[in-house]
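Beneath this line is the structure, given in structure tokens, with notes to follow.
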Amino acid sequence: MGLNQECENVLNALNQANALSDFGFYENFNSETGEPNGVRFCAWSAYPTILVEKTIEENFKLVF
């Protein structure tokens, strides 16, 4: 599986989880129930979706 396919899979999983809460980008999800927990509209919770989208669309890479 290539990087783009892996990113697409991750993005789909993120979107499915966030769709459960009307894209509220909660702090976390309960691992047993899948229900959102914590504060709604957290920037740090939206960041992974943005990062993966940019990786797919613009070949964006983080360098450490």
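Residues in residues 17-30 take part in no salt bridge (charged side-chain N to carboxylate O under 4.0 Å, His left out) pair, two or more places apart or across chains. The salt bridge (charged side-chain N to carboxylate O under 4.0 Å, His left out) contacts involving residues 44-64 comprise K54-E58, where partners must be two or more places apart or lie in separate chains.
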Please report, to 0.1 Å, the donor-acceptor pairs under 3.5 Å made by any side chain of residues 42-51, with sequence neighbours excluded.
residue : atom : partner : partner atom : Å
S45     : OG   : Y26     : O            : 2.8

Residues 11-21, side-chain donor-acceptor partners within the protein, below 3.5 Å, at least two apart:
residue : atom : partner : partner atom : Å
N12     : ND2  : E8      : O            : 3.2
N15     : ND2  : L11     : O            : 3.4
N18     : ND2  : L14     : O            : 3.1
S21     : OG   : N18     : O            : 3.1
S21     : OG   : G24     : N            : 3.4

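F41 and F23 make their closest contact through CE2-O, 3.9 Å (heavy atoms, listed as atom of the first residue, atom of the second, distance). Considering all non-hydrogen atoms of both residues, C7 and T55 come closest at SG-CG2, 3.7 Å.
For N30, the side-chain contact (heavy atoms from CB on, under 4.5 Å) test picks out E32, T33, N37, with sequence neighbours left out. In terms of the side-chain hydrogen bond (donor to acceptor under 3.5 Å, both in side chains) criterion, residue partners of Q5 (sequence neighbours excluded) are, by chain and number, N9.
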